[in-house]
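Working notes, structure below.
Here, residue 1 is the first one in the sequence, and each next residue gets the next number. Start at 1 and go down the list; that is how both ligands and their atoms are numbered.
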Amino acid sequence: MRLVDWVAGAGGELLALAVPVDCVCCGAEDSALCPACTSRIRHLAREPFRAEGGAPALMDVSGTILLPVVAAAVYRDEVAQGLLSFKRHGQHQLGASLARALAGAVRAATADADGFVLVPVPTSTAAYVNRGFSPVHLLLKKAAGHLPGVAVVDALRKVRPSGAQALRWTGLSGGQKGLGRGARSQRVRGSMRVGVRSRPAVAGRPCIIVDDVLTTGATIGEAARALHQAGAKVRGAVVLAATRPPDAADPAPGARMEPPKRP
Ligand SMILES: [Zn+2]
């Protein structure tokens with residue numbers, strides 16, 4: 001057992017004295033994520049894959065890739081259960097396991113090259129107020145501990161909808177699940193911007209967008225638009241999980257993204 005795992009385990013045991021916790025995946029007692037489910041998550045995330053092919057907003061009609069995305073795992077089983085629970089409760093032990101998976105996907109995307117800037121997708125204000133934390137930011141902060149040579153810049157902000165946009169958004173309220181590709185892209189378009197003070201940290205730099213789950217890709221597409229507008233060189237995105245598994249008939253073109261140019 002590695003030292004970090006031992007320390008995390010010891011911390012979990014101390015916490016268990018005060019707060020009874022069971023494994024969020026299988027219900028085993030005394031730990032928010034039992035050793036068996038910890039190794040299941042590790043196994044499910046062992047081969048990061050290119051996932052943009054399953055995200056209609058990131059491909060054009062001719063099938064050309066608009067933005068490459070690397071996913072650590074498919075959104076199912078222990079990964080889905082673990083992430084759902086982490087988004088609700090932010091369990092430290094669970095976060096550590098998911099962050100390791102996310103870090104693995106970043107390493108696959110960057111091929112361990114230095115110089116990339118990781119930019120988390122902003123949480124909606126309502127979600128932040130409800131939870132008191134942003135799951136993506138928290139996971140990325142933990143993942144960064146495994147990733148020497150990359151910088152994390154919290155550059156993206158949510159834009160408050162106004163005028164016609166607000167009307168359009170409220171007209172489409174009721175969640176994004178039922179929305180088609182066009183409606184969903186419409187809904188998020190113009191919903192993010194790069195904060196003025198963050199511009200120098202991303203302008204001209206190779207950036208990778210980070211989010212928790214990839215579905216249609218509309219959110220990541222909007223993040224890319226806002227970063228482009230601020231002069232960033234968006235190389236792609238990394239997510240913890242993609243809702244669509246990789247296409248077995250179409251072998252992944254390799255997870256690696258274009259490395260930063262050496263000066
Ligand atoms: Zn378990």
Quick one: does Glu52's side chain have a donor or acceptor within less than 3.5 Å of a partner on Ile65's backbone? no

Is a side-chain N or O of Thr110 found less than 3.5 angstrom from the main chain of Val106, in a donor-acceptor match? yes

Everything protein-side that's N, O or S and under 2.8 Å from the Zn ion (ligand 1): list it, residue and atom. Cys23 SG, Cys26 SG, Cys34 SG, Cys37 SG

Considering only heavy atoms from C-beta outward, does the side chain of Gln93 approach that of Ser31 to under 4.5 Å? yes

Donor-acceptor contact present, side-chain Gln229 to main-chain Arg193, <3.5 Å: no

More than 12 non-hydrogen atoms from neighbouring residues, nucleotides or ligands closer than 6.0 Å to NZ on Lys142, yes or no? yes

Among all residues two or more places apart in sequence or in another chain, which pass the salt bridge (charged side-chain N to carboxylate O under 4.0 Å, His left out) test with Asp112? none

